[in-house]
Amino acid sequence: MTDVLTNPAGSATGDLYPTRGAVEVTTPRQDPVVWSAPGAGGPIGAQDLSGFERDGFLTVDQLITDEEVALYRAELDRLVTDPAVRSDERSIIEPQSQDVRSVFEVHKLSTVFAQLVRDPRVVGRARQILGSDVYVHQSRINVKPGFGASGFYWHSDFETWHAEDGLANMRTVSVSIALTENLDTNGGLMIMPGSHKHFLGCAGETPRDNYKKSLQMQDAGTPSDAALTRMADAHGIRLFTGRAGSATWFDCNCMHGSGDNITPYARSNVFIVFNSVENTAVEPFAAPVRRPDFIGAGDFTPVR
């Protein structure tokens, strides 16, 4: 059985969220979920913002229009079929099928996706949740073609961003925008509602250049089966479905994952991570070196 300790008030060394030690450590969240002042205003209504605070996520049935979906889908198709993009280190290849799994830093590779990052419907919600100007910590397109695309195992993004990228606080939010229909059968996003209120520090040291393996299959930073069972029993699991153009916003510390896609129907999404300009990266808390900038940005220029 995996040992699990409870750390009630963070670390006295300045690391609020210890991880990658000898045993798993559970730490109550030390940061707000919604950072903006009450009544500050923004595109998210009070009821939805309260739900985000409680559950750690927010769904939008139609963030972008059908015409915009077609534009972004065409750009995704262009990128994943471009030999120069495929050979770029920012492209992650499925080990079995040799298909493109993800393309990172798409807001720098593509002027089309750069426009999406600056769209007020997108960046406005990030600013409201985080209570400040924001920059892009990470962007990528996730491609899950049919007939065997592999999933993403259970994890907290913040655990990796804290351990390997040097983000000190939970002041980061992600949005996943569907560019194909997200069905209950084609490897959709799953989140444990309320799991963002406690941080699970994982056991095991971080290998050097861990990202080269972890972007294909997670190893370091993976929760134990026992911890995941306890969390699922406590919080349940929510599966997200929706038409193309819908979006899911979720807190950086949500425990989430997705299954394999063995259906004929592709599931492709664009994924943007916004971080507060008041939470810029420092040295990694549990890794030999920071990951490359295309995975965890070293450019903290606010989105304008």
Side-chain angles (χ1 to χ4, degrees), residues 17 19-20 76 79-80 82 84-95 99-110 113-114 116-117 126 130 134-144 150-177 189 202 204-222 250-254 256-258 268-277 279-303:
Y17 302 106
T19 190
R20 311 279 174 103
L76 179 150
L79 288 169
V80 300
D82 184 336
V85 173
R86 180 185 174 88
S87 63
D88 192 290
E89 66 174 344
R90 289 172 285 192
S91 292
I92 310 303
I93 308 300
E94 285 276 3
D99 291 332
V100 174
R101 173 187 176 94
S102 302
V103 180
F104 282 79
E105 215 170 42
V106 290
H107 70 297
K108 292 190 176 181
L109 283 172
S110 163
F113 283 116
L116 179 63
V117 165
L130 302 180
V134 298
Y135 69 94
V136 177
H137 177 69
Q138 184 185 105
S139 72
R140 67 178 188 261
I141 47 176
N142 287 334
V143 184
K144 267 196 176 179
S150 56
F152 294 83
Y153 196 68
W154 290 106
H155 63 286
S156 154
D157 287 330
F158 180 75
E159 194 279 335
T160 298
W161 299 338
H162 183 68
E164 300 186 39
D165 296 344
L167 298 190
N169 295 98
M170 295 180 183
R171 200 169 181 180
T172 316
V173 67
S174 302
V175 59
S176 177
I177 305 172
L189 174 68
C202 297
E205 294 185 359
T206 308
R208 180 175 287 273
D209 291 338
N210 178 55
Y211 75 94
K212 293 181 180 179
K213 179 181 179 183
S214 68
L215 296 178
Q216 293 180 333
M217 184 173 293
Q218 187 83 356
D219 188 6
T222 301
F250 58 101
D251 179 83
C252 59
N253 191 45
C254 284
H256 67 287
S258 64
S268 297
N269 295 48
V270 55
F271 184 81
I272 307 165
V273 180
F274 293 100
N275 189 38
S276 169
V277 296
N279 187 43
T280 54
V282 295
E283 289 303 305
F285 287 87
V289 295
R290 291 187 68 239
R291 299 189 298 174
D293 284 359
F294 71 86
I295 303 174
D299 178 358
F300 312 133
T301 303
V303 176

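Atoms considered below: every heavy atom in the structure, side chains included; atoms not considered: hydrogens, waters and symmetry mates.
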**Message:** Apply side-chain contact (heavy atoms from CB on, under 4.5 Å) to residues N253 and Y17 and explain how you reach the verdict.
**Reply:** CA-CA 11 Å; N253 191 45; Y17 302 106; over 6 Å; no
**Asked** Between Y135 and D299, what is the shortest heavy-atom contact and its length?
**Response** CD1-O, 3.5 Å
**Prompt:** What pairs with S110 under side chain to side chain donor-acceptor pair (under 3.5 Å), at least two apart in sequence or on another chain?
**Reply:** E75
**Prompt:** Quick one: side chain to side chain donor-acceptor pair (under 3.5 Å) partners of D82, sequence neighbours excluded?
**Reply:** none
**Item:** Test item: V270 and L76 side chains (from C-beta on) under 4.5 Å apart, heavy atoms
**Value:** no
**Prompt:** For the atom pair CZ (F271) and OG (S176), what is the distance rounded to the nearest 0.5 Å?
**Reply:** 6.5 Å
**Complete:** By side chain to side chain donor-acceptor pair (under 3.5 Å), R290 pairs with (sequence neighbours left out) none
**Item:** Set of side chain to side chain contact (heavy atoms under 4.5 Å, CB included) partners for T206, sequence neighbours left out
**Value:** R20, E164, N210, A287, P288
**Fill in**
Distance col, row D88:CG vs F104:CZ, nearest 0.5 angstrom, shows 12.0 Å
**Asked** How far apart are the C-alpha atoms of H155 and C202, what are their side-chain angles, what is the distance that settles it, and do they pass the side-chain contact (heavy atoms from CB on, under 4.5 Å) test?
**Response** CA-CA 10 Å; H155 63 286; C202 297; over 6 Å; no
**Message:** N279: which residues meet the side chain to side chain contact (heavy atoms under 4.5 Å, CB included) condition with it, sequence neighbours left out?
**Reply:** L167, A168, N169, R171, T172, N275, S276
**Message:** Can you tell me how far apart CZ (F152) and NZ (K144) are? Round to the nearest 0.5 Å.
**Reply:** 6.5 Å
**Request:** Output all residues satisfying salt bridge (charged side-chain N to carboxylate O under 4.0 Å, His left out) with D99, sequence neighbours left out; order by chain, then residue number.
**Result:** none
Show which side-chain atoms of residues 136-143 pair as donor or acceptor with protein atoms under 3.5 Å away, not counting sequence neighbours.
unit_1 : atom_1 : unit_2 : atom_2 : d
H137   : NE2    : D165   : OD2    : 3.0
Q138   : OE1    : R140   : NH1    : 2.3
Q138   : NE2    : I295   : O      : 2.9
S139   : OG     : V106   : N      : 3.0
S139   : OG     : H107   : N      : 3.3
S139   : OG     : H107   : ND1    : 2.7
R140   : NE     : N142   : OD1    : 2.8
N142   : OD1    : S102   : OG     : 3.0

**Contact check, side chains of V103 and V85, non-hydrogen atoms, under 4.5 Å** = yes
**Asked** Are V100 and I93 side-chain neighbours, meaning at least one heavy-atom pair lies under 4.5 Å?
**Response** yes
**Item:** ring-ring contact (aromatic ring centres under 6.0 Å, His included) partners of F274, counting only residues at least two apart
**Value:** none
**side-chain contact (heavy atoms from CB on, under 4.5 Å) assessment of R291 paired with W161** = CA-CA 9 Å; R291 299 189 298 174; W161 299 338; 3.4 Å; yes
**Request:** Kindly indicate, with the supporting measurements, whether the criterion side-chain contact (heavy atoms from CB on, under 4.5 Å) is fulfilled by F113 and I272.
**Result:** CA-CA 10 Å; F113 283 116; I272 307 165; over 6 Å; no
**Side chains of R101 and S150 in contact at under 4.5 Å (non-hydrogen atoms)** = yes
**Message:** If the condition is side chain to side chain donor-acceptor pair (under 3.5 Å), which residues does S87 pass it with, not counting sequence neighbours?
**Reply:** none
**Request:** To the nearest 0.5 Å, tell me how far R86 CZ sits from S91 OG.
**Result:** 8.5 Å
**Request:** Heavy atoms only: give me the nearest V175-I177 pair and the separation to one decimal.
**Result:** CG2-CG1, 3.9 Å
